[in-house]
Asks: 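Please read through the structure below; I'll follow up with questions.
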Amino acid sequence: MELIEKTKESELIFDGVVVHLYRDTVTLPNGEEGIREYVKHVGAVCVIPITDDGEVILERQYRYAVGETLIEIPAGKLNSADEDPREAALRELKEETGITPRELIDMGIYYGSPAIMGENIRMYMARGLTFGDDHLDDDEFLEVFSIPLDEAAEMVLRGEIPDGKTQVALLRAKMMM
């Protein structure tokens with residue numbers, strides 16, 4: 001059986017600055033009709049910077065949608081759908097931490113909530129770090145710190161890092177090291 005759902009009709013419900021909410025009528029694999037509500041997003045990147053001595057650079061940042069200060073890796077949205085994710089990753093890493101890496105390793109795509117979000121996050125690992133000044137956006141407030149990669153992975157397993165992209169990138173990096 002083919003599992004593809006085909007779009008019959010698409011309606012833009014909300015056109016925001018960052019998210020765009022749609023309600024689509026689809027033809028299901030069994031020929032019946034269904035409704036899909038989802039958010040389109042331009043896409044994002046995240047970077048796990050690892051120092052030569054095995055420390056990972058992390059951030060504490062308040063996230064309004066969940067009402068908590070979370071531990072995350074540097075990340076940000078693409079400026080446009082056609083922006084090179086690698087360039088966006090280098091930009092976000094420099095803006096948030098002041099870091100320029102010698103090496104940027106592609107670690108694949110992360111879908112945070114594919115049932116309702118079209119956002120895909122390209123994950124990278126940064127090695128050979130050179131530290132400089134950060135250049136935070138005017139509405140960006142965060143605390144940058146470092147801990148051993150092993151400790152960060154243990155924090156994920158203890159439930160102390162609930163951010164999905166950070167969990168996946170930390171554990172993937174740990175397995176790759």
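What you see below is based on every heavy atom in this structure, not just the backbone, and it leaves out hydrogens, waters and symmetry mates. Numbers here are sequence positions counted from 1. Predicted model only: the values in this text are computed from it and were never measured.
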Asks: Looking at L171 and A153, what are the two nearest heavy atoms and their distance?
Replies: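 Closest approach of L171 to A153: CD2-CB, 4.0 Å.
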Asks: If you round to the nearest 0.5 Å, how far is NE2 of H41 from CG of L21?
Replies: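 These two atoms lie 13.5 Å from each other.
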Asks: Please give me the minimum heavy-atom distance between E32 and N30, naming the atom from each residue.
Replies: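 It is N-OD1, 2.9 Å.
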Asks: Hey, are the side chains of I99 and I57 touching, using non-hydrogen atoms and a 4.5 Å cut-off?
Replies: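 They are in side-chain contact.
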Asks: Mind checking the CZ-CD1 spacing from R172 to I105? Nearest 0.5 Å is all I need.
Replies: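 Answer for the CZ-CD1 pair, R172 versus I105, is 12.5 Å.
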Asks: Could you give the distance from CE (M155) to CD (E160), rounded to the nearest 0.5 Å?
Replies: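 Nearest 0.5 Å value for the CE-CD distance: 5.0 Å.
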Asks: Please determine if K77 and E92 form a salt bridge, counting it only when a charged side-chain N lies under 4.0 Å from a carboxylate O.
Replies: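 Here K77 does not pair with E92 in a salt bridge, since their nearest N and O are not under 4.0 Å apart.
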Asks: Using a 4.5 Å cut-off on heavy atoms from C-beta on, say whether the side chain of E37 contacts that of I116.
Replies: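 Of all side-chain heavy-atom pairs linking E37 with I116, none is under 4.5 Å.
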Asks: Transitively linked via ILVMFWY side-chain contacts under 4.5 Å: I161 with M176?
Replies: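 Same hydrophobic cluster.
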Asks: Show the nearest heavy-atom pair for residues P101 and L90, with the distance to one decimal.
Replies: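 In this case the closest contact between P101 and L90 is CG-CD2, 3.6 Å.
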Asks: Is there a path from V168 to M125 through hydrophobic residues (I, L, V, M, F, W, Y) whose side chains come within less than 4.5 Å of each other?
Replies: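 Hydrophobic grouping puts V168 with M125.
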Asks: So does Y22 get a backbone contact from the side chain of R36, meaning a donor-acceptor N/O pair under 3.5 Å?
Replies: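 Answer holds: no.
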Asks: Using the rule that Ile, Leu, Val, Met, Phe, Trp and Tyr join whenever any side-chain heavy atoms are under 4.5 Å apart, tell me whether I50 and L93 fall into a single cluster.
Replies: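 No.
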Asks: Do E140 and E96 come within less than 4.5 Å of each other through their side chains, counting heavy atoms only?
Replies: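 They are in contact (side-chain heavy atoms under 4.5 Å apart), so the answer is yes.
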Asks: Any side-chain heavy-atom pair from F131 and T51 closer than 4.5 angstrom?
Replies: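 Yes; the side chains approach each other to less than 4.5 Å.
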Asks: Can you run down the side chain to side chain donor-acceptor pair (under 3.5 Å) pairs that involve residues 110-134, sequence neighbours left out, and say none if there aren't any?
Replies: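 Passing the test, one end in residues 110-134: D106-R122.
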Asks: Is there a chain of hydrophobic side chains (I, L, V, M, F, W, Y, each step under 4.5 Å between heavy atoms) that links M177 to M107?
Replies: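 Yes, because M177 and M107 connect within a single hydrophobic cluster, where side-chain heavy atoms sit under 4.5 Å apart.
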Asks: Do you see a donor-acceptor pair shorter than 3.5 Å between the side chains of T25 and E9?
Replies: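 Side chains of T25 and E9: no pair found under 3.5 Å.
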Asks: Would you please test R91 and E83 for side-chain contact (heavy atoms from CB on, under 4.5 Å) and show each step?
Replies: CA-CA 11 Å; R91 180 192 71 239; E83 181 179 18; 2.2 Å; yes
Asks: Between atom CD1 of I71 and atom CG of L142, what is the distance when rounded to the nearest 0.5 Å?
Replies: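 Rounded to the nearest 0.5 Å, the CD1-CG separation comes out at 13.0 Å.
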Asks: Between E55 and S146, what is the shortest heavy-atom contact and its length?
Replies: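 Result for this residue pair: OE1-OG, 2.9 Å.
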Asks: What residues form a salt bridge (Lys or Arg N to Asp or Glu O under 4.0 Å) with E11, not counting sequence neighbours?
Replies: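 So E11 forms a salt bridge (Lys or Arg N to Asp or Glu O under 4.0 Å) with R23.
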Asks: Considering all heavy atoms of both residues, which atom of K174 and which atom of L149 are nearest to each other, and what is their separation?
Replies: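 Residues K174 and L149, closest heavy atoms: CA-CD2, 3.8 Å.
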Asks: Is any NZ, NE, NH1 or NH2 atom of the basic residue among K8 and E33 found under 4.0 Å from an Asp or Glu carboxylate oxygen of the other?
Replies: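 Yes, charged N to carboxylate O under 4.0 Å.
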Asks: Can you find a heavy atom in the side chain of L58 that is under 4.5 Å from one in the side chain of P49?
Replies: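 L58 does not reach P49 side chain to side chain.
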Asks: Taking side chain to side chain contact (heavy atoms under 4.5 Å, CB included) as the test, write out the residues that go with T7, two or more places apart.
Replies: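 Only S10, D24 meet the side chain to side chain contact (heavy atoms under 4.5 Å, CB included) criterion with T7.
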Asks: Quick check with a 6.0 Å cut-off and a 45 degree axis cone: is R60 positioned over the face of F145's six-membered ring?
Replies: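 Output yes; distance and angle both within limits.
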Asks: Of all the heavy-atom pairs spanning A81 and V42, show the shortest one and how long it is.
Replies: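 Scanning both residues, the minimum pair turns out to be N-CG2, 3.1 Å.
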Asks: Taking the side chain as every heavy atom from C-beta outward, state whether I121 and V45 have any atom pair closer than 4.5 Å.
Replies: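 I121 does not reach V45 side chain to side chain.
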Asks: Decide side-chain contact (heavy atoms from CB on, under 4.5 Å) for T100 and K94; before the verdict, give the C-alpha distance in whole Å, the side-chain angles of both, and the deciding distance to 0.1 Å.
Replies: CA-CA 6 Å; T100 302; K94 180 76 171 168; 3.7 Å; yes
Asks: What is the distance from atom CG of L170 to atom CD of E72, rounded to the nearest 0.5 Å?
Replies: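 Nearest 0.5 Å value for the CG-CD distance: 11.0 Å.
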Asks: For the atom pair CZ (F14) and NE2 (H20), what is the distance rounded to the nearest 0.5 Å?
Replies: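 Rounded to the nearest 0.5 Å, the CZ-NE2 separation comes to 9.0 Å.
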Asks: With the side chain counted from C-beta on, respond yes when M123 and K165 share a heavy-atom pair under 4.5 Å apart, and no when they do not.
Replies: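 Side-chain contact under 4.5 Å: no.
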Asks: Are V47 and L129 grouped together when hydrophobic residues (ILVMFWY) are joined by side-chain heavy atoms under 4.5 angstrom apart?
Replies: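 As far as the 4.5 Å side-chain criterion goes, L129 and V47 are connected within one cluster.
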